[in-house]
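Notes to accompany the following structure.
Values reported hereafter were calculated over all heavy atoms of this structure, with side chains retained and with hydrogens, waters and symmetry mates removed. Throughout, residue positions are numbered sequentially from 1 according to the sequence presented.
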Amino acid sequence: MQHSMISMGLAAVSLRDLALVQAVHRHGSFNSAARAMHISPSGLSHQVQKVEQALGAPLFERGGRKIVPTSGGQRLLQQIDAVLAAAEHLQQVARAGAVAFGGELRLGVPASLGPYLLPHLIAPFPQHFPGARLGISEGKPRGLLRRLSEGELDAVLAPPAAAVSGITSRPLFFEPWELMLRADHPLAGRDSIALDQLDPAEATLMAESHADGLHCEGSEHGHVQDVSLESLAALVSLRGGYALVPALAHERLASMPNVALARLKGPASGREIALYWRDASPWHDDLQAFAELLRKLARQRPGLRVMGAKAKAAPA
C-alpha cells in the first residue's frame, strides 16, 4: 500500500498505540491493561480512542464488567495483531546478523524435562552463542507449541506433535523411561524390571505422556496425575506402587528418600524430544546450530539415543 493512501489520522497512530489496544483486548480491562503497560487508565483510554477515531470504527464495547470487542472490532484487532507481529519480525531481522538469536533465545521446555536438561545446557550455551541470552519458559508441550505459533517463543523442546503449518521440527534424542517404585516394593532393588511383572492398577501416571508408555487406558490402570516429577515421587512414596519417569531425572529422583529406580526390560519405551521453531524465523542457522548443541549434549548423557538430524517442515 502506498503511503499516500493512508489517512493522516492513521499515519499518526504509533506501534505503541496499537500495542495498548492489544493489551486491552488481552486483559479485558482498561485498569489491568494500564497496569501491565505502565500507563494511567485515563491515558490508555485516550490512546484507544485515538486509534478508534483513526480507523473510523469502535473497537470495544464499554460499560460492562469486562471489555469485549465489537463484531467489527474483532476483525480489526486481528489485523492489529498482524501489524505488531510484522513489526517484531522486522526488528528481529534487523538484529539477526549481529548476535545469535538477535540477542536472546526464548526457549519453551516441558516442566518434566527442563530441570533435568537445563543444568547441562547453561554452561555451554554462552560458549557456543556469545552475547546471546537464554530465556526459559516451562509449561505443557501443547501450550508451549501454541505460544511458539503465536510468536511468544522462538523455539520449543517437546515430544512429537501433529504437524502445524509454518512450524519446522528437528528430532534430537530418544529418552527411555525408568521405573520408580517405593523402597519397600517387592521388586525394589532389582536393576531391571519388565512391565508385565507389575500390576497396571498400581501405576501412578504423569498426565503429560506416561500413559503411552504403559499402553493402557482408563482409571482401572492406575492414577493419572498432572504433577511434577518430584510430586510424583512423593505420591509413590506415600501410596506405594510405581511410576514411569524419564531417564534424565535419574540423578535427582535417586536422591529422594523412600523410592528406588530400575531400568525397564524389553523393547525400549520412552519419549522422543524434538526442537521446534517457526519457518519464518530469521535465526534458522542459529537454531540449527542450537539443535546440534543439544544433540551433542544428548550423546554425553547415559541412556539417551540421538535421533536422525534431518529437519522436517510442516506441510502448508
Non-hydrogen side-chain atoms of F60 and V68 separated by less than 4.5 Å: no
Check the side chains of S45 and S42 for a donor-acceptor pair under 3.5 angstrom, ignoring hydrogens and angles. no
Please check if the number of heavy atoms outside E152 that lie under 6.0 Å from its CD is greater than 12. yes
Do R301 and F173 come within less than 4.5 Å of each other through their side chains, counting heavy atoms only? no
Is it the case that the side chain of E175 and the backbone of L248 share a donor-acceptor pair, with hydrogens and angles ignored and the cut-off at 3.5 Å? yes
Counting only N and O atoms by type, is there a donor-acceptor contact under 3.5 Å from the side chain of D17 to the main-chain atoms of V51? no
Check side chain to side chain donor-acceptor pair (under 3.5 Å) between E138 and all other residues, then give those that pass, not counting sequence neighbours. none
Give me the one residue out of L148, V156, L275, L144 that meets side chain to side chain contact (heavy atoms under 4.5 Å, CB included) with L107. L275
Does E52 use its side chain to pair, donor to acceptor, with the backbone of L59 at less than 3.5 Å? yes
Return yes when atom CZ of R16 has more than 12 non-hydrogen atoms of other residues, nucleotides or ligands closer than 6.0 Å, and no otherwise. yes
Residue of the set W283, F125, F129 for which side chain to side chain contact (heavy atoms under 4.5 Å, CB included) holds with L105: F125
Test your reading of the model: is there a side-chain donor-acceptor pair from S32 to the backbone of G28, 3.5 Å cut-off? no
Check: G151 main-chain N/O paired with R106 side-chain donor or acceptor under 3.5 Å: yes
Of all heavy-atom pairs linking A249 and L229, the shortest is CB-CD1, 3.7 Å
